[in-house]
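Here's the structure, in structure tokens; my notes come after.
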Protein chains: 2
Amino acid sequence: MNYPSGIKKKCMILKSHANRGMGLEFELNETNKFYLNENIANVHKKPTPITISRVDFKSRVDAVIKEAYFKTPSTTDYNGVYKGKYIDFEAKETSNLSYFPLANIHKHQIEHIKSVISHGGIGFIIVRFTKLDETYYLDGSNLVEFVESKIRKSIPLSYFREKGFILKTNINPYIDYLKVIDSIYFKGGNV
Amino acid sequence: MNYPSGIKKKCMILKSHANRGMGLEFELNETNKFYLNENIANVHKKPTPITISRVDFKSRVDAVIKEAYFKTPSTTDYNGVYKGKYIDFEAKETSNLSYFPLANIHKHQIEHIKSVISHGGIGFIIVRFTKLDETYYLDGSNLVEFVESKIRKSIPLSYFREKGFILKTNINPYIDYLKVIDSIYFKGGNV
């Protein structure tokens, strides 16, 4: 890509800034540990879905998987319980500066979020624009609305800025996404 | 073991009867598919937790896991959303005739079910006594109560019969565990 002069350098600086973080997945795992330890919520990342083809049993206790394949996930990566409600989300990073390509989320996963909402659960995505060091909460309802409009194959940053909520990175917890959920779903206390 | 004459034969017949089924995991997966397709609930089995040590990248698309290890699960196997509520459970089979050894469930998993309940979720276990061909729903509250009484390291069948609910095997769905949840948690319609 050809950038106007000056832009490229700016990007590099921003990238180096973003790299000070430990990555979105790490920060979310730490956030969930914090929520669990502080008895705020019980949310976990699901294991990577794989198909195991060959296992060597060294002994009764030790087994080594010698051949396995990654499977396309049919659900999202994170789910759990908060104030009795089911919460479910996918987290993604993008190095793009102005849009989030929908190809980063499997079609199954969007269908899953839609289904979660239809069953009264809370579904959403967390997207980090690494080069901008900006992380957004986008509610599942807005995600589905965008996808079903079929206008674009990527969600522009402006859509996140308009419809989403910025998640500032802190310490304990790193990414306090439940604060956003409180503001949307638990305005008057518990639902 | 020495059985009184006649008992051994009876057990064998019962076992052969139980084997007509396809196994608890298969039946629960089919049940969850049914719930999903009929738009009743969205419940999935989590992938097996593993630690991946070595991956061979044949190409950009194909990756083969060449070395991985099974991890002790920190949560239960199944979770999802039903009528807005978070549901979470573990399913186990035992070949014992009169008790379910607590060693079959990791301590972490019992702690997890306790935590789920404390956050307003619905936690439970499904236990099948394969040789009796009897499957029970035992609510998490009863499981925790039993474990915390510390009387025994196994739950006697009588406890399941007294506190639990029998789950008859049918077709579509195989194991209608949500009917039990309705009777406990949604007595007067939605909570």
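Numbered from 1 within each chain, the chains take letters A, B, ... in sequence-line order. The structure presented is a predicted model; accordingly, all values stated were derived computationally and were not measured.
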Query raised in the report: Are there more than 12 heavy atoms of other residues, nucleotides or ligands under 6.0 Å from atom NZ of A:Lys45?
Result: yes

Query raised in the report: Does the side chain of B:Asn79 reach to within under 4.5 Å of the side chain of A:Asn79, using non-hydrogen atoms?
Result: yes

Query raised in the report: With a 4.5 angstrom heavy-atom cut-off, which part of B:His44 approaches chain A: side chain, backbone, both or neither?
Result: side chain

**Report entry** Heavy-atom proximity to chain B below 4.5 Å, by part of A:Ile52
**Finding:** side chain

Requested in this report: State yes or no: do B:Ile184 and B:Tyr82 share one hydrophobic cluster built from I, L, V, M, F, W and Y residues joined by side-chain heavy-atom distances below 4.5 Å, directly or via other members?
Outcome: yes

Query raised in the report: Side-chain contact, heavy-atom cut-off 4.5 Å: B:Ser115 with A:Leu36?
Result: yes

Query raised in the report: Hey, quick one: are A:Tyr99 and A:Leu132 part of the same hydrophobic cluster, counting side-chain heavy atoms closer than 4.5 Å, chains of contacts allowed?
Result: no

**Report entry** B:Phe70 and A:Val55, any side-chain heavy atoms less than 4.5 Å apart
**Finding:** yes

Query raised in the report: Hey, what do you get for CG (A:Asn42) to OH (B:Tyr86), rounding to the nearest 0.5 Å?
Result: 6.0 Å

Report task. Give the minimum heavy-atom separation between B:His119 and A:Ala41, together with the two atoms involved. Result -> CE1-N, 3.3 Å

Requested in this report: Side chain from CB out, backbone as N, CA, C, O: work out which of these in B:Asn39 comes under 4.5 Å of a heavy atom of chain A, or both, or neither.
Outcome: both

Query raised in the report: If Ile, Leu, Val, Met, Phe, Trp and Tyr residues are connected whenever their side-chain heavy atoms lie under 4.5 Å apart, and connections chain through other members, are A:Val81 and A:Val43 in the same group?
Result: no

Query raised in the report: Crowded around A:Phe34 CZ? As in, over 12 foreign heavy atoms under 6.0 Å?
Result: yes

Report task. Side-chain contact test, heavy atoms from C-beta onward, threshold under 4.5 Å: evaluate it for B:Ile65 versus A:Glu67 and give yes or no. Result -> no

**Report entry** Gap separating the CZ atom of B:Arg54 from the NZ atom of A:Lys66, nearest 0.5 angstrom
**Finding:** 7.0 Å

Query raised in the report: In terms of hydrophobic clusters joined by side-chain contacts under 4.5 Å, are B:Tyr35 and B:Phe186 together?
Result: yes

Report task. Please determine, among B:Gly80, B:Ala68, B:Ser118, the option with the most heavy-atom pairs under 4.5 Å with chain A. Result -> B:Ala68

Query raised in the report: Among the clusters formed by ILVMFWY side chains lying less than 4.5 Å apart, do B:Val144 and B:Val116 turn up in the same one?
Result: no

